[in-house]
Amino acid sequence: MRVFVTGASGWIGSATVDELLAAGHEVTGLARSDASAAALEAKGARVRRGDLDDLGSIRAGAEDAEAVIHLANKHDWSNPAASAAAERAAVQTIGDALVGTGRPFLLASGVAGLTQGRPSTEADASPFHGPDAPRGGSENLALGFVDRGVAAVSLRFSPTTHGAGDHGFIAAIAAVAREKGVSGYPGDGANRWAAVHVSDAARLVALGLAKAPAGTRLHAVAEEGVPTREIAEAIGRAFGLPVASIAPDEVQAHFGWIGTFFGMDLAASSAVTRELLGWTPVGPTLIEDIDAGGYAPGASLAR
Ligand SMILES: NC(=O)c1ccc[n+]([C@@H]2O[C@H](COP(=O)([O-])OP(=O)(O)OC[C@H]3O[C@@H](n4cnc5c(N)ncnc54)[C@H](OP(=O)(O)O)[C@@H]3O)[C@@H](O)[C@H]2O)c1
């Protein structure tokens with residue numbers, strides 16, 4: 001299949017491109033820089049130069065493809081509204097380009113805020129609607145295109161899609177620990193984070209492209225919930241730092257923007273996804289990755 005991938009140079013995107021190429025797909029990756037373009041070409045992908053702020057490049061990429069996988073995100077944590085607005089505009093543009101085609105449109109999403117007090121499942125619809133919602137309400141916006149002839153599928157990645165060289169949430173938490181000289185966890189550290197190794201997540205994306213029916217919500221979750229206290233203990237071991245509870249009313253000040261997420265219970269199940277796709281995660285656990293030095297400064301980008 002000719003697949004257009006936004007965010008193809010990113011953490012999950014580059015692993016996904018590898019999976020898609022190995023499965024025999026023809027991949028065109030969106031690239032906004034020479035470095036990203038060169039990285040994609042080096043692995044045998046085609047390049048479409050463009051940017052989330054250039055919706056013409058997104059539209060053209062979608063129109064030229066037989067399937068779209070949207071993984072790009074600005075991740076501007078100092079201005080989440082800008083990231084959400086760009087996300088929503090991109091999803092609207094891709095959806096509009098695919099109306100009536102029946103083509104697959106897989107988009108990245110997450111599990112934050114889906115449920116309270118229990119692990120989220122694929123049956124839990126996102127409560128986020130409209131431009132002011134987290135991620136610009138993009139999951140519901142995309143799934144709304146199913147009735148208009150677009151095979152939209154949501155890819156809900158674990159809050160930590162981890163591996164050596166990851167620069168995402170766990171890297172941010174580890175950076176706070178090194179800066180403060182203490183590896184903290186929120187409150188009693190009993191709140192949990194779902195986790196998946198990036199290689200398993202990428203394999204799930206390729207399987208989802210091949211097999212997921214329109215309207216499916218897939219959970220890229222290998223571990224249902226790792227307590228934040230265990231995450232902090234592993235970071236403490238990795239960097240030789242003391243481990244301490246951070247009082248709930250100090251979490252935001254201590255951790256900064258990542259505190260919003262680290263203080264949440266983000267456990268999630270993937271039973272439905274495993275059954276539907278025959279997907280079995282096989283990669284290392286989060287704690288194994290931290291213990292192996294995957295979050296040391298300059299850790300290899302090799303997965
Ligand atoms: N990683 C996780 O644990 C996790 C968990 C839940 C959900 N997600 C979601 O999954 C998706 C992929 O995450 P990721 O961790 O792979 O993110 P990432 O490593 O930060 O990659 C982001 C990608 O978006 C591209 N991008 C950023 N700004 C852009 C712009 N203005 N125009 C065009 N492209 C732009 C980047 O291109 P450059 O290479 O040029 O910078 C990169 O390819 C995102 O939607 C993310 O929110 C991730």
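Atoms within a ligand are numbered from 1 in the order they appear, just like the ligands themselves.
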J.: Could you tell me whether ligand 1 has any atom less than 4.0 Å away from a heavy atom of Asp53?
T.: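 The answer is no: ligand 1 sits nowhere under 4.0 Å from a heavy atom of Asp53.
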
J.: With heavy atoms of Ser36 as the reference, note each atom of ligand 1 found under 4.0 Å away.
T.: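 Ligand 1 atoms under the 4.0 Å threshold to Ser36: 38 (P), 39 (O), 40 (O).
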
J.: Among protein heavy atoms, which sits nearest to atom 23 (C) of ligand 1, and what does the distance come to when rounded to 0.1 Å?
T.: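 Its nearest protein heavy-atom neighbour is Gly7 CA, 3.7 Å.
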
J.: Determine whether the side chains of His70 and Glu87 contain a donor N or O and an acceptor N or O closer than 3.5 Å.
T.: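 Side chains of His70 and Glu87: pair found under 3.5 Å.
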
J.: Got the closest protein heavy atom to atom 8 (N) of ligand 1, with its distance?
T.: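 Its nearest protein heavy-atom neighbour is Phe157 CD1, 4.1 Å.
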
J.: Determine yes or no for a side-chain-to-main-chain donor-acceptor pair under 3.5 angstrom, with Asp265 supplying the side chain and Asn191 the backbone.
T.: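 It does not hold such a pair.
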
J.: Counting distance only, does the side-chain N/O of Lys43 pair as donor-acceptor with the main-chain N or O of Asp18 below 3.5 Å?
T.: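 Looks like no, no N/O pair under 3.5 Å.
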
J.: Please work out whether any backbone atom (N, CA, C, O) or any side-chain heavy atom from C-beta onward of Ala108 is under 4.0 Å from ligand 1, and answer side chain, backbone, both or neither.
T.: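 Just the side chain.
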
J.: What protein heavy atom lies closest to atom 3 (O) of ligand 1? Include the residue and the distance to one decimal.
T.: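 Checking every protein heavy atom, the shortest distance to atom 3 (O) of ligand 1 gives Thr161 N, 3.0 Å.
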
J.: Of all the non-hydrogen atoms in the protein, which one sits nearest to atom 15 (O) of ligand 1, and at what distance?
T.: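 Going by distance alone, atom 15 (O) of ligand 1 is nearest to Trp11 CB, 3.8 Å.
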
J.: So which bit of His167 gets within less than 4.0 Å of ligand 1, heavy atoms only: side chain, backbone, both or neither?
T.: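 The side chain, only.
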
J.: Should Arg48 and Asp64 count as side-chain neighbours, where that means a heavy-atom distance under 4.5 Å?
T.: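 Answer yes - side chains close enough.
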
J.: Hey, looking at atom 32 (N) of ligand 1, which of Ile12, Leu52, Asp34 has the closest heavy atom?
T.: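 It is Leu52 whose heavy atom sits nearest to atom 32 (N) of ligand 1.
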
J.: At under 4.0 Å between heavy atoms, is it the side chain or the backbone of Pro159 that contacts ligand 1, or both, or neither?
T.: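 Looking at Pro159 and ligand 1, just backbone atoms fall under 4.0 Å.
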
J.: Under the side-chain hydrogen bond (donor to acceptor under 3.5 Å, both in side chains) test against Ser154, which residue among Glu139, His219, Arg217 passes?
T.: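 Among Glu139, His219, Arg217, the one meeting side-chain hydrogen bond (donor to acceptor under 3.5 Å, both in side chains) with Ser154 is Glu139.
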
J.: Check the orientation of His162 and His197. Use parallel for under 30°, tilted for 30 to 60°, and perpendicular for over 60°.
T.: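 His162 and His197: perpendicular rings.
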
J.: Among all protein non-hydrogen atoms, which one is nearest to atom 21 (O) of ligand 1, and what is the separation to 0.1 Å?
T.: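 Answer, as residue, atom name and distance: Gly10 CA, 3.3 Å.
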
J.: What are the atoms of ligand 1, with element, lying closer than 4.0 Å to any heavy atom of Ser109?
T.: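 Heavy-atom distances to Ser109 below 4.0 Å select 6 (C), 7 (C).
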
J.: What is the nearest protein non-hydrogen atom to atom 22 (C) of ligand 1, stated with its residue, atom name and distance?
T.: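 Answer for atom 22 (C) of ligand 1: Asn73 O, 3.9 Å.
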
J.: For atom 39 (O) of ligand 1, which of the options Ala31, Ala35, Ala90, Ser9 provides the nearest non-hydrogen atom?
T.: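 Looking at heavy atoms only, Ser9 sits closest to atom 39 (O) of ligand 1.
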
J.: Please write down residue, atom name and distance for the protein heavy atom closest to atom 31 (N) of ligand 1.
T.: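 Protein heavy atom with the smallest distance to atom 31 (N) of ligand 1: Asp51 OD1, 3.1 Å.
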
J.: Number the atoms of ligand 1 from 1 as they appear, then name those within less than 4.0 Å of a heavy atom of Leu71, with their elements.
T.: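 Answer, ordered by atom number: 11 (C), 12 (C), 44 (C), 45 (O).
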
J.: Measure the shortest side-chain to side-chain distance between Thr161 and Asp166 over non-hydrogen atoms and say whether it is less than 4.5 angstrom.
T.: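 Thr161 does not reach Asp166 side chain to side chain.
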
J.: Group every Ile, Leu, Val, Met, Phe, Trp and Tyr by side-chain heavy-atom contacts under 4.5 Å, then state whether Trp11 and Leu218 land in the same group.
T.: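 Linked within one cluster.
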
J.: Check whether more than 12 heavy atoms from other residues, nucleotides or ligands sit under 6.0 Å from atom CZ of Arg178, and answer yes or no.
T.: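 More than 12 within 6.0 Å, yes.
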
J.: Nearest to atom 40 (O) of ligand 1 by heavy atom, Arg49, Arg32, Arg135: which?
T.: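 The option holding the nearest heavy atom is Arg32.
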
J.: Which residue and atom name correspond to the protein heavy atom nearest atom 47 (O) of ligand 1, and how close is it?
T.: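 The closest one turns out to be His75 NE2, 2.7 Å.
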
J.: Would you mind reporting whether Asp200 and Trp279 have side-chain heavy atoms less than 4.5 Å apart?
T.: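 Yes, their side chains come closer than 4.5 Å.
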
J.: Between the main-chain N or O of Asp76 and the side-chain N or O of Ser83, is there a donor-acceptor pair closer than 3.5 Å?
T.: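 Yes: the side chain of Ser83 pairs with the backbone of Asp76.
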
